[in-house]
Amino acid sequence: MSFELDNLSPQTKAFLSRRATGTGLLVDGHWQTPAAGQTFAALDPATGMETGQIARADAADVDCAVAAARAALPKWKATVPAERARILWKIADLIEANIDELAEIETLDQGKPLFVGRWAEIPGAVGQFRFFAGQAMAIEGSTLESSINYQPQGKQVRSWTVREPVGVVAAIVPWNSPLVLTAMKLAPALAAGCTVVLKPAEDTSLSALRLAELMIEAGLPAGVLNVVTGLGAETGAALAAHPLVDKIAFTGSTATGRAVLDAAKTNFKRVTLELGGKSPSIVMPDADLTQAIPGVANAIFFNGGQVCIAGSRLYVHRSIHDSVVAGVAAYAKGLKLGHGLAPDTQMGPVVSARHAERVEGFLQRARAEGATMLTGGERFGDAGTFIQPTVVVDVNPGMEIVREEVFGPVLVVQAFDDAEEVIAAANSSEYGLAASVWTEGFSTAHRMSSDIKAGTVWINCHAMYDASLAIGGVKQSGWGRDSGKQALDNYLEWKTVCAVI
Ligand code: NAD
């Protein structure tokens, strides 16, 4: 299991010696150490080995970063859309040109198998910058026919709307898919003409620092992007409460989302929240099981279940229940766990020791409530933070393991008898992020996609994702959408202009 730092590519080693040394705060185009000189360790979750020291920004550092973003705003806002688009496109090109290094950094920091970053998430980040490069040049207002009838004699009223950037954005992101989730905030914010202070998650700061280097190389002016690494309760809280921040773009847990919302109240910051999920995968009796079985298994075990849209609740029609569950359990047992940098690894560790303990806590309490681990349910290996892919049966809707987001490789399975019953069960969650329905029936697919309360419903697939497709949730999964045209709206205000001419 051990993976020596010596095996890393020369590019990654050079990056670590440049940035993972406590000098990784980006303020007004300069890399600097935090004012109080504090740092914390970055760890490889597969080995527990330290990979560097990350700068720990406090409120004073956050103040400087926000001031830099504020100062850079007028010029960036006035930069013509074509120039903003050119820079965004160049960022995408540079990410693509450095994709192997970025994938290695992401694996080292987060634990994910190399292929997840290399073939899914980092191309996803490229897609975000290219999509929003286009959107930067398609921002439009409207002209309005008003019915105002008290204008002076001989005059006319003309009214129109324009879109303007919201201002300084605090982008706060989690650790599960760091680079692509960061891109989902930065690309639309910069396209809209906003400036940004980015706060990466404390467990996974590295890829944000490499991305910031590439963004400077792409020609992004000083102060337009600032990066403050640090702890949630310190750096994140100071940023969310800062009076000169106009908008918070947050992705993370529902609990932290509430704290962010409270902090935003002080100056009525605009807030978008991409929060947790407990998404159902539903296998109907007419499903093509050759697709559905690996599909629902991948929906939960991809990235070790550390995916907001993971299909963590599986509902299977009773007539096919046993064969589907046997197939999913066999898939889980067959997954090769290991260091994400090893080429044959299919599932890596969970992100940290703290998170592994959290997942184990869920499994222990589920057992105590009467659930059975059909496969998995234990730690794996003698180093790192690996959890076996786990399939949990003998559950009921009231159990914590069915209701709460575990955010690990843990699937709970329940049988159902008809569509009405399973729609009610799917909708019984307080979350509403995503769902998938596996069926060959055209009418079933349409009806269920309309009846399920979720931000996204997939038919015969799960977690299909593209920069053009909005993603986000209803209920306690959050407010607003990332990705797609809808995301640009998060970063724009409407201004109405009314003129007598
Ligand atoms: P988290 O809420 O613990 O942390 C998210 C970010 O918030 C981190 O950068 C953290 O440092 C910061 N933070 C913590 N406390 C803060 C505070 N008081 N004020 C401001 N910032 C603070 O979440 P996590 O454990 O890093 O990520 C996992 C969660 O993210 C899961 O619930 C998952 O479902 C969710 N998520 C949602 C989406 C989506 O699109 N809906 C995508 C990915 C992850």
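Ligands are counted one by one from 1 in listed order, and the atoms in each one are counted from 1 as well. Please read these numbers as outputs of a predicted model, since none were measured by experiment.
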From the candidates [options], the one that places a heavy atom nearest [atom]:
{"atom": "atom 2 (O) of ligand 1", "options": "T256, L239, L261, T229", "answer": "T256"}
{"atom": "atom 20 (C) of ligand 1", "options": "G236, P200, A201, S205", "answer": "G236"}
{"atom": "atom 19 (N) of ligand 1", "options": "A208, G455, A237, G473", "answer": "A237"}
{"atom": "atom 10 (C) of ligand 1", "options": "E274, E234, H355, E202", "answer": "E202"}

Check the side chains of [Y] and [X] for a donor-acceptor pair under 3.5 angstrom, ignoring hydrogens and angles.
{"X": "E104", "Y": "T12", "result": "yes"}
{"X": "D44", "Y": "H339", "result": "yes"}
{"X": "T345", "Y": "K336", "result": "no"}
{"X": "Q128", "Y": "S483", "result": "yes"}
{"X": "T272", "Y": "K247", "result": "yes"}

Which of the numbered atoms in ligand 1 are below 4.0 angstrom from a heavy atom of [X]?
{"X": "E405", "result": "31 (C), 32 (O), 33 (C), 34 (O)"}
{"X": "L181", "result": "43 (C)"}
{"X": "T251", "result": "5 (C), 36 (N), 37 (C), 38 (C), 39 (C), 42 (C), 43 (C), 44 (C)"}
{"X": "L433", "result": "41 (N)"}
{"X": "N176", "result": "43 (C), 44 (C)"}

Starting from [atom], find the nearest protein heavy-atom neighbour and note its residue, name and distance.
{"atom": "atom 17 (C) of ligand 1", "answer": "G232 O, 3.5 Å"}
{"atom": "atom 24 (P) of ligand 1", "answer": "W175 NE1, 3.3 Å"}
{"atom": "atom 27 (O) of ligand 1", "answer": "P174 CB, 3.2 Å"}
{"atom": "atom 37 (C) of ligand 1", "answer": "L275 O, 3.0 Å"}
{"atom": "atom 23 (O) of ligand 1", "answer": "S253 N, 3.3 Å"}
{"atom": "atom 28 (C) of ligand 1", "answer": "F407 CE2, 3.5 Å"}
{"atom": "atom 35 (C) of ligand 1", "answer": "G252 O, 3.2 Å"}

*Who passes salt bridge (charged side-chain N to carboxylate O under 4.0 Å, His left out) against D466, sequence neighbours left out?*
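If we apply the salt bridge (charged side-chain N to carboxylate O under 4.0 Å, His left out) test to D466, skipping adjacent residues, there are no hits.
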*Excluding sequence neighbours, so at least two apart, what forms salt bridge (charged side-chain N to carboxylate O under 4.0 Å, His left out) with D61?*
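Checked D61 against salt bridge (charged side-chain N to carboxylate O under 4.0 Å, His left out); zero matches.
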_Is the distance between the ring centroids of W89 and F131 under 6.0 Å?_
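Between W89 and F131, which both carry aromatic rings, the centre distance is not below 6.0 Å.
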Test of proximity, [X] against ligand 1: N or O pairs below 3.5 Å:
{"X": "V173", "value": "yes"}
{"X": "C308", "value": "no"}
{"X": "I172", "value": "no"}
{"X": "T254", "value": "no"}

*For G478, is the nearest heavy atom under 4.0 Å from an atom of ligand 1?*
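Heavy atoms of G478 never come under 4.0 Å of ligand 1.
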*asked:* So for I471, does at least one of its heavy atoms come nearer than 4.0 angstrom to any atom of ligand 1?
replied: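 Judged by the 4.0 Å heavy-atom criterion, I471 does not count as contacting ligand 1.
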*Residue pair E106 / S177: nearest heavy atoms and the distance that separates them*: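 Looks like OE2-C, 4.2 Å.
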*Taking all non-hydrogen atoms of both residues into account, name the closest pair between W438 and H462 and its distance.*
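That closest heavy-atom pairing would be CZ2-N, 4.2 Å.
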*Parallel under 30°, tilted from 30 to 60°, perpendicular over 60°: which one fits the rings of W175 and F407?*
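Perpendicular, since the angle between the ring planes exceeds 60°.
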*asked:* So that I can tick it off, tell me whether E213 and R19 are bridged by a salt bridge, with the cut-off set at under 4.0 angstrom between side-chain N and carboxylate O.
replied: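 Judged by the 4.0 Å cut-off on N to carboxylate O distance, R19 and E213 do form a salt bridge.
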_Heavy-atom donor-acceptor pair, E274 side chain to D482 backbone, under 3.5 Å_ =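 Confirmed, E274 side chain pairs with D482 backbone.
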